[in-house]
Amino acid sequence: MAFISSGYDPEKPMEGRITDIGPKHYDQFYPEVIKKNKGKWSHHEILEPGVLVHVAENGDEVFTVRCGGARLMSSTHVQEICDIADKHCDGKLRFTTRNNIEFMTDSKDKMEALKADLAQRKFPGGSYKFPIGGTGAGISNIVHTQGWIHCHTPATDASGTVKATMDEVFSDFQDMRLPAKLKISMACCLNMCGAVHCSDIAILGYHRKPPILDHEYLDKVCEVPLAVASCPTAAIKPAKVELPSGDTVSSVAVRNERCMYCGNCYTMCPSMPLSDKEGDGIVLMAGGKVSNRISAPKFSKVVVAFLPNETPRWPSMTNAINKMIEEYAKGARKYERFGDWTDRIGWERFFDVCELDFTHHLIDDFRDAAYQSWRQTTQFKF
Amino acid sequence: MAKHETPLLDELESGPWPSFVSDIKQEAEVRAKNEKGIDFQIPAEACDDLLGLLELSYKDGTTHWKHGGIVGVFGYGGGIIGRYSDKPAEFPGCASFHTVRVAQPGAKYYTTKYLRELMDLWQFRGSGLTNMHGSTGDIVLLGTTTPQLEEIFYTLTHEMDQDLGGSGSNLRTPADCIGQSRCEYACYDTQELCYFLTMMYQDELHRPAFPYKFKFKFDGCPNGCVASMARSDLSFIGTWKDQIQVDQAEVAKYVDGTNPANAGSHKGRDWGAFDIQAEVVDLCPTDCMAYENGELKIYDKECTRCMHCINVMPKALKVGKQRGVSILAGAKAPIVDGAQMGTLVVPFLEIDQTMNKQLADFDSEEEWMEYLEEKYEALTEVIESVWDYWMEEGKNRERLGELMIRQGLQKFLEKINVEPQAVHVDHPRTNPYIFWKEDEVEGGWDRDINEYRKHHAR
């Protein structure tokens, strides 16, 4: 492995340097039918799960085949996507916000050939490379974070929990039997890269043990005041600590009973790690949405306080998710999103029908906003 | 032959959903065989060792990546995330595994030519593994070593005309929905606005000068497909001010079943015949519609533009013609003070529908950018007044939404020169703890106690 230069000269980093050029301009990436009809689309229809047609004012049509993707993709996989787009779609494609791949064609015949091609491509382990679906009143792809594959603060794995969940709900990825769309999101810690706090169902990695204090190194690698200031519950204070060697060092002390394990201190100070096999696991949330349709956007609520990391397939987690989806499918009215359904039937009924335990962990006690969630009426259900 | 045994991960190869384990194994095998004869610039066993390390995490129930790592390219304060394993001896192929964030194109459209070029670069100078895409929207290239960073940046900028995205306390790579490129609901050109602001604020994107991260996202309509209202410090949501356009003949075709309701999204279950009264009129959140004598009436003055009726009957109902954006501010994930939703701060900013020239209509991108500066002037004024306020008052690592809570919505509106209106709140305050400004109260606050005592004995 000999080093090969790109042309960059480390002695003269500024020579010929190009900066601040931004992303590629979108115009050069549009398929022809898109470029021609941008801003002039009349309407669309989902022909079958995963297949859409958009019709322009002049009658032009674009057929889109949407496929699930694992988000974590190898270059070889992306090259295969390119092969497909070259063969069927004049070398153009796009990705959706939810990590789906969309192949577009301008005729129904091409679309049928494309579908047949996609459906037969599988990995050696048996999974589909390009499952078609993710439209309408079904379950689309799960947006997620890095997890154990690449992050320093996760309380669980992202790719694995998503794979386990999507395998379980796969029929709803390829069907549209639900009362409304159902979006599942995953974040592997409270930082929530990608913000999963407004999803119909959210999988969240959560720590349950206060940070371990690496006193010997803390003051060498951290700014103590920053670590102290980082704590939202003021659980951290500066402290002098005597090491086993007899030396006294500057460090911090943590009031464990005030810690809710958010990990913000660890973000600021590497000498305060939190992760732990028994402590870490999964929180499930439900009932959020971002659309303004019918009701206002709303936050997801915590419905399961903790489930352990049952690698590699997290069965307790997928069982709870499955049960929630089945009860929603049974109980909600047409067009009713998950959170609108729970609001209508009441959360007490939700815990009944989903056979989930309500425990003290689920009563909000964080700051003044908590009070807004306590019941202040005699109206409740037995 | 796999380098490490991965019995736990192997269980994630079965089942119908695309297996990331199978895919990493595929890349590991490509690197091991190296049929293309690539002169790999990072260890050939990067993917093999990554699988081994991940298997260990599955066994240990914890991550094996060390905290952070300051690496980057010269002159930029973001775009690269340093990452080191805490098991470098056992898994040397991924001991250093930095991330490169590459700014994604609008609505994530690609040519295969571009993607192939990028993937070739990544197999050559990185692990060959990517995220298509990261949560903020970037193309994420996972896994390379420090000496490769400048080389990657050089190739991206010199050969691919492609820049890095954002990370750290700066403007993060802005992201948009599919917008007018393929959606009839989009009330403005999300790609144009997203690209324009991304280019306008390249300095803010690459050189961290903010208290914390800052995100822009662009949704073409209130359906909010890119979740801007939940995920961005400033969220631009397309909307309209005039009437929903109604085609009564097409309404009739929904009523008689010719047109599939909700664009066919409920085909997986037999919900019975379409019932316009129950499915549209009765579900209208403002009760502003009626269906009488075969005609749909909308009292637009009471409409709050929730999109439901348009979503159900896209052939018959279209968004209005006087279009623009609603701007919401302060959304964020829970860290530190709890999750926040965007708050409506600018109810409506009209976007001139006659200013629709495209890049191709100009001789250079600079001229087009000047044209857009004029088109979006009112909008950039809002953005810059928000930044001025936040950079002046925001504490270290305080997101905009947290500053808004700390100092109040009144202060925020004052700082961005927006007159407070009833639409800014769900309801007026329920306590009378009103802070008056001294100049609002006749005579001011300085009073003489002796003067007071003349009329009020001690």
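Chain A is the first sequence line, chain B the second, and so forth, proteins listed ahead of strands; every chain is numbered from 1.
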Asker: Test your reading of the model: is there a side-chain donor-acceptor pair from A/H25 to the backbone of B/P105, 3.5 Å cut-off?
Answerer: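 Flag not set: sc A/H25 to bb B/P105 has no pair under 3.5 Å.
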
Asker: Heavy-atom distances under 4.5 Å only: say whether B/I42 touches chain A with side chain, backbone, both or neither.
Answerer: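 The backbone, not the side chain.
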
Asker: Check the side chains of B/T157 and A/R17 for a donor-acceptor pair under 3.5 angstrom, ignoring hydrogens and angles.
Answerer: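 No, no side-chain donor-acceptor pair sits under 3.5 Å.
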
Asker: Name all residues meeting the disulfide bond (SG atoms under 2.5 Å apart) criterion together with B/C194; count only those two or more places apart in sequence or in a different chain, and write none if there are none.
Answerer: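 Result, disulfide bond (SG atoms under 2.5 Å apart) vs B/C194: none returned.
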
Asker: Could you verify whether a donor N or O on one side chain and an acceptor N or O on the other, from B/R397 and A/N264, lie under 3.5 Å apart?
Answerer: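 The criterion, which ignores hydrogens and geometry beyond distance, is satisfied for A/N264 and B/R397.
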
Asker: Please flag which part of A/Q28 lies under 4.5 Å from any non-hydrogen atom of chain B: side chain, backbone, both or neither.
Answerer: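 Backbone only.
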
Asker: Give, as side chain, backbone, both or neither, the part of B/M132 having an atom under 4.5 angstrom from any heavy atom of chain A.
Answerer: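 Both backbone and side chain of B/M132 come within 4.5 Å of chain A.
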
Asker: Pairing donors with acceptors under 3.5 angstrom, does anything connect the side chains of A/H150 and B/T99?
Answerer: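 Judged by distance alone, the side chains do pair up.
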
Asker: Which residue pairs pass the side chain to side chain donor-acceptor pair (under 3.5 Å) test with at least one member in residues 188-199 of chain A, sequence neighbours excluded?
Answerer: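 As it turns out, the side chain to side chain donor-acceptor pair (under 3.5 Å) pairs with a partner in residues 188-199 of chain A, which skip direct neighbours, are A/S185-A/S199.
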
Asker: Please classify the contact between B/Y84 and chain A as side chain, backbone, both or neither, with a heavy-atom cut-off of under 4.5 Å.
Answerer: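 Neither part.
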
Asker: Less than 3.5 Å apart, any donor N or O on the side chain of B/Q26 or A/H77 sitting next to an acceptor on the other?
Answerer: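 The answer is no; no qualifying pair exists.
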
Asker: Which bit of B/Q41 is near chain A, if near means a heavy-atom gap under 4.5 Å: side chain, backbone, both or neither?
Answerer: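 When you check distances to chain A, atoms from both the backbone and side chain of B/Q41 fall under 4.5 Å.
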
Asker: Decide yes or no on salt bridge (charged side-chain N to carboxylate O under 4.0 Å, His left out) for B/D337 and A/R367, but give the supporting numbers first.
Answerer: CA-CA 9 Å; B/D337 283 344; A/R367 307 251 164 112; 2.8 Å; yes

Asker: Got more than 12 heavy atoms from elsewhere within 6.0 Å of CZ, A/F366?
Answerer: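 Yes - once you tally the heavy atoms of other residues, nucleotides and ligands closer than 6.0 Å, there are more than 12.
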
Asker: Using 0.5 Å steps for rounding, measure from the CG atom of A/D157 to the OG1 atom of B/T62.
Answerer: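 Here the rounded value is 11.5 Å.
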
Asker: Ignoring hydrogens and geometry beyond distance, is a side-chain donor-acceptor pair present between B/Q191 and A/D27 at under 3.5 Å?
Answerer: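 Absent: no donor and acceptor within the cut-off.
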
Asker: Taking side chain as everything from C-beta outward and backbone as N, CA, C, O, which of these in B/K59 sits under 4.5 Å from a heavy atom of chain A? Side chain, backbone, both or neither.
Answerer: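 The backbone, not the side chain.
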
Asker: Which atoms of B/H266 come close to chain A, meaning under 4.5 Å heavy atom to heavy atom: side chain ones, backbone ones, both, or neither?
Answerer: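 When you check distances to chain A, atoms from both the backbone and side chain of B/H266 fall under 4.5 Å.
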
